[in-house]
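Since the structure is predicted, the reported quantities are computational estimates derived from the model, not experimental observations. First the proteins, then the strands, lettered A, B, ... as listed; each starts at 1.
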Protein chains: 2
Amino acid sequence: MADVEMALALLRSKGERVTKARRAVLRALAERPHQDAESVAALVASADPGVHRATIYRNLQSLVDAGVVSHTHVPDAATIYHLSVTGHRHTHLQCVRCGRMVDIPLEWVSPLADRVRDELGFELDAGHAALLGTCRDCAAS
Amino acid sequence: MADVEMALALLRSKGERVTKARRAVLRALAERPHQDAESVAALVASADPGVHRATIYRNLQSLVDAGVVSHTHVPDAATIYHLSVTGHRHTHLQCVRCGRMVDIPLEWVSPLADRVRDELGFELDAGHAALLGTCRDCAAS
DNA sequence: TTATGTGCAAACTGTTTGCGCGAAG
DNA sequence: CTTCGCGCAAACAGTTTGCACATAA
């Protein structure tokens, strides 16, 4: 949970306030690393009832803005969040059939990232949206 | 508009029915190649009033299922659709700051696609979700 | 004629917002 | 003590669904 303390310190240094709700959100993210907002809300509710869902959403937003938390957009599903600190940087692959998510190292995407940077000046953020496809098991059937 | 005829033929060959609404949806997609459902609805409404929005959504869905139309998920925005036939296959890059979309050839993604296929058996569908990052102009500021 | 598509209204999920109260700094 | 965060309820966008009627095949 040193991650939580680090995140809180970073938050404070950015001039953001540290509240019970924010602490709870960060604790939830430390506990389970790839959650959507509703899951965070559930976890927070069980540890610390009385925190409103809207507050969870607002806090996830401001934590992302502060750079303490990162999120990944998942097509046809809720955005998932994780602590930036913890972030062994990776990209998500999602199977369009079974919905299962697989992580791949960010280096695998480097050739593509280099190419779009060189040719278009576009700075790719490969972890920011999940890539889609069909996993081995589903492809077999 | 030969694209529309082709798409209709393909549709019929799959046992799907050809209706006024479906024709209108395909015409709209032929006319403007990267639209979301609401835009299609607007275009259809102006050419062919009386087609309900729900029908647009249902048809886009079944056209995708039939392989006649493809869609791309765009984070924080509506899914965009295009005729598969027309589809010079490409992947979309979206700037998280200005929202602008840039197309890149699918080949650029091949090294990554090959790698996930070889190592994970995962069949990547690179065009299916937009990739995120920061475009040159926004990176400059 | 019969399975499939359609219009309509209503539900649903994920998320955001305006408001006045409460607590962090 | 003042600014920022909070709880609440309500709105929001995008999309889906159950039903009875209409229509393509």
Side-chain angles (χ1 to χ4, degrees), chain A residues 7-26 28 34-45 47-66 68-69 71-81 94 96 99 129-130, chain B residues 7-26 28 34-45 47-66 68-69 71-81 99 129-130:
Chain A
L8 288 171
L10 184 53
L11 240 199
R12 206 175 267 122
S13 79
K14 301 244 179 182
E16 297 282 322
R17 288 186 183 174
V18 173
T19 67
K20 187 174 57 160
R22 290 186 174 175
R23 233 186 294 266
V25 167
L26 290 173
H34 277 97
Q35 294 171 85
D36 61 30
E38 292 301 326
S39 160
V40 171
L43 225 47
V44 167
D48 218 323
V51 176
H52 199 271
R53 266 169 12 97
T55 302
I56 306 285
Y57 279 95
R58 269 192 287 232
N59 281 343
L60 286 169
Q61 183 61 46
S62 47
L63 292 170
V64 167
D65 291 346
V68 175
V69 165
H71 62 275
T72 300
H73 298 280
V74 184
D76 287 334
T79 300
I80 56 177
Y81 296 84
Q94 181 175 238
V96 293
Chain B
L8 287 171
L10 184 52
L11 240 200
R12 205 175 267 122
S13 79
K14 301 244 177 180
E16 297 282 321
R17 288 188 183 171
V18 172
T19 68
K20 189 174 54 160
R22 290 186 174 174
R23 233 186 294 266
V25 166
L26 290 173
H34 277 97
Q35 295 171 83
D36 61 31
E38 293 302 326
S39 161
V40 171
L43 225 46
V44 166
D48 219 323
V51 176
H52 199 271
R53 280 194 20 253
T55 302
I56 306 284
Y57 279 95
R58 269 191 288 230
N59 282 343
L60 286 169
Q61 182 62 47
S62 47
L63 292 170
V64 167
D65 291 346
V68 175
V69 166
H71 62 276
T72 301
H73 299 281
V74 184
D76 288 333
T79 300
I80 57 177
Y81 296 83

request  = Quickly work out the I56(A) CD1 to dT13(C) P distance and round it to whole Å.
outcome  = 19 Å
remark   = Shortest non-hydrogen pair, A130(B) vs T72(B), comes out as N-CG2, 3.8 Å
ask   = What heavy-atom pair brings S62(B) and R22(B) nearest, and what distance separates the two atoms?
value = OG-NH2, 3.4 Å
inquiry  = Report for the helix from dT1(C)-dA25(D) to dG25(C)-dC1(D): angle between first-end and last-end helix axes, five pairs each, rounded to 10 degrees.
reply    = 40°
ask   = Within the pair T55(A) and dC6(D), is there a side-chain N or O less than 4.0 Å away from OP1 or OP2?
value = no
task = Calculate, to the nearest 0.5 Å, the distance between atoms CD1 and CD belonging to I80(A) and Q94(A) respectively.
result = 8.5 Å
ask   = How many angstroms lie between atom CG of L63(B) and atom NE2 of H71(B), to the nearest 0.5 angstrom?
value = 12.0 Å
note = Heavy-atom nearest pair, Q35(A) first then V40(A), reads OE1-N, 3.5 Å
task = Using a cut-off of strictly less than 4.0 Å between a heavy atom of the residue and any atom of DNA chain D, enumerate the qualifying residues of residues 15-23 of chain A by number.
result = E16(A), R17(A), T19(A), A21(A), R22(A)
ask   = Could you give the NE2-to-P distance, from H52(A) to dG22(C), as a whole number of Å?
value = 16 Å
query = Nearest 0.5 Å, what's the CG-NE2 distance between D76(A) and H73(B)?
reply = 4.5 Å
request  = Respond yes when some side-chain nitrogen or oxygen of S62(A) is under 4.0 Å from OP1 or OP2 of dG5(D), and no when none is.
outcome  = no
task = Please lay out, stage by stage, how L26(A) and V69(A) fare under the test side chain to side chain contact (heavy atoms under 4.5 Å, CB included).
result = CA-CA 9 Å; L26(A) 290 173; V69(A) 165; 4.0 Å; yes
Check nucleotides 17-21 of chain C for protein N or O atoms closer than 3.5 Å to its own N or O atoms and list the pairs.
residue, atom, partner, partner atom, Å
dG18(C), O6, R58(A), NH1, 3.1

Whole-Å distance separating the CZ atom of R12(B) from the C1' atom of dA25(D) = 10 Å
remark   = From CZ of R53(B) across to P of dT16(D) the rounded distance in Å is 12 Å
ask   = Expressed in angstrom and rounded to an integer, what is the separation of N59(B) atom CG from dT15(D) atom P?
value = 15 Å
ask   = When the distance from NZ of K14(B) to P of dA25(D) is rounded to whole Å, what number comes out?
value = 17 Å
ask   = Atom CD1 of I80(B) and atom P of dG14(D): how far apart are they, to the nearest Å?
value = 14 Å
task = Mind checking the OH-NE2 spacing from Y57(A) to H52(A)? Nearest 0.5 Å is all I need.
result = 11.5 Å
message = Is Y57(B) close enough to dT15(D) that one of its side-chain N or O atoms is under 4.0 Å from OP1 or OP2 there?
response = yes
query = What pair of heavy atoms forms the shortest contact from A28(A) to V44(A), and how long is it?
reply = CB-CG2, 4.1 Å
task = May I have the distance from E38(A) (atom CD) to dC12(C) (atom C1'), rounded to whole angstrom?
result = 13 Å
inquiry  = Working to the nearest 0.5 angstrom, can you tell me the gap between R12(B) CZ and L10(B) CG?
reply    = 11.5 Å
ask   = Given L60(B), which of T79(B), D36(B), V25(B), D65(B) fulfils the side-chain contact (heavy atoms from CB on, under 4.5 Å) condition?
value = V25(B)
